[in-house]
Amino acid sequence: MHHITARDLLHAPDFEGIAHELRDLLAGRVFVAHNVSFDSRFLLAEYSRMGASIPVHQSTMLCTMKLSRSLIGRGKLSDCCDYFGIANEDAHSALSDAHATALLLGRLLEADPNWPGFQRRLESAADAAEQWPTFAALPKGQWLPRGTHAAAHAS
């Protein structure tokens with residue numbers, strides 16, 4: 001489904017190699033995902049494996065799948081994208097799905113600009129910013145992009 005190969009992983013950094021940088025990206029921000037309970041479990045497990053507890057929980061997360069179901073009656077990311085005319089040409093790849101989810105969030109917030117849940121989560125994430133653990137910064141490794149699904153299907 002995801003077309004990830006051993007070659008894609010050969011020179012990829014392990015989680016400890018990106019934990020500091022990822023912490024800097026997430027601290028003080030709302031963790032948004034389509035099916036956030038699924039995605040957050042990976043993040044929580046990886047930080048836990050390092051002996052760290054992170055403030056990613058119901059009050060600091062937003063699930064676009066649940067919000068979509070309540071606002072437009074659709075849950076699958078592809079159905080939500082179709083509804084709003086959002087292109088997700090490389091579906092099931094992390095970058096493409098994350099981009100589509102970000103666009104979807106914007107459309108959902110436009111659909112219900114007075115939804116109080118978003119402001120509550122922003123405030124909760126800001127309050128929890130100092131609860132993120134610190135890690136020694138490792139020398140930045142080279143981030144290697146992997147081939148897209150589109151390229152894999154064209155071959």
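This one's a predicted model, so the numbers in the text were calculated from it and none came from an experiment. FYI, the numbering just counts along the sequence from 1.
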Q) Among all residues two or more places apart in sequence or in another chain, which pass the side chain to side chain contact (heavy atoms under 4.5 Å, CB included) test with K66? A) C63
Q | Under the side chain to side chain contact (heavy atoms under 4.5 Å, CB included) test, residues paired with S48 that sit two or more places apart | A | none
Q. L26 and L43: side-chain contact (heavy atoms from CB on, under 4.5 Å), yes or no, with the steps?
A. CA-CA 11 Å; L26 295 176; L43 188 66; 3.7 Å; yes
Q.
Checking R49 now: which residues fulfil salt bridge (charged side-chain N to carboxylate O under 4.0 Å, His left out) with it, not counting sequence neighbours?
A.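 By the salt bridge (charged side-chain N to carboxylate O under 4.0 Å, His left out) rule, R49 matches E16, E46.
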Does [X] use its side chain to pair, donor to acceptor, with the backbone of [Y] at less than 3.5 Å?
{"X": "Y47", "Y": "P133", "result": "no"}
{"X": "R69", "Y": "M65", "result": "no"}
{"X": "R121", "Y": "S59", "result": "no"}

Q.
Within the structure provided, determine whether N88 and L103 are in side-chain contact (heavy-atom separation under 4.5 Å).
A.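 Not in contact.
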Q) Got S68 and L104 here, is their nearest side-chain heavy-atom distance under 4.5 Å? A)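 Contact flag for S68/L104 side chains = yes.
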Can you measure from [atom1] ([X]) to [atom2] ([Y]) and round to the nearest 0.5 angstrom?
{"X": "L122", "Y": "T60", "atom1": "CG", "atom2": "OG1", "result": "11.0 Å"}
{"X": "R29", "Y": "W132", "atom1": "CZ", "atom2": "CH2", "result": "10.5 Å"}
{"X": "C80", "Y": "L105", "atom1": "SG", "atom2": "CG", "result": "12.0 Å"}
{"X": "L77", "Y": "H92", "atom1": "CG", "atom2": "NE2", "result": "8.5 Å"}
{"X": "S78", "Y": "I86", "atom1": "OG", "atom2": "CD1", "result": "11.5 Å"}
{"X": "L22", "Y": "I54", "atom1": "CG", "atom2": "CD1", "result": "8.0 Å"}

Do [X] and [Y] share a hydrophobic cluster, counting only Ile, Leu, Val, Met, Phe, Trp and Tyr and linking them when any side-chain heavy atoms are less than 4.5 Å apart?
{"X": "M61", "Y": "L109", "value": "no"}
{"X": "V30", "Y": "L108", "value": "yes"}
{"X": "V36", "Y": "L62", "value": "no"}
{"X": "I72", "Y": "V32", "value": "yes"}

Q: List the steps and the verdict of side-chain contact (heavy atoms from CB on, under 4.5 Å) for D90 and L95.
A: CA-CA 8 Å; D90 209 10; L95 185 58; over 6 Å; no
Q: List for me each residue that meets side-chain hydrogen bond (donor to acceptor under 3.5 Å, both in side chains) alongside S37, sequence neighbours excluded, and say none if there are none.
A: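 With sequence neighbours excluded, S37 shows a side-chain hydrogen bond (donor to acceptor under 3.5 Å, both in side chains) to N35, given in chain and number order.
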**Q.** side-chain hydrogen bond (donor to acceptor under 3.5 Å, both in side chains) against R41, all qualifying residues, sequence neighbours excluded
**A.**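 R41 satisfies side-chain hydrogen bond (donor to acceptor under 3.5 Å, both in side chains) with no residue once adjacent residues are dropped.
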Q | Greater than 12 external heavy atoms within 6.0 Å of F38's CZ | A |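 Atom CZ in F38 is not packed in, count stays at 12 or less.
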Q: Give a yes or no on whether E123 atom CD has more than 12 heavy-atom contacts from other residues, nucleotides or ligands under 6.0 Å away.
A: yes
Q: Quick one: which residue pairs count as a ring-ring contact (aromatic ring centres under 6.0 Å, His included) with a foot in residues 94-129, not counting sequence neighbours?
A: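 Residue pairs with at least one partner in residues 94-129: there are none.
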Q: Taking atom types as modelled, find out whether H34 and T101 have a side-chain donor-acceptor pair closer than 3.5 angstrom.
A: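 Result is no, nothing qualifies.
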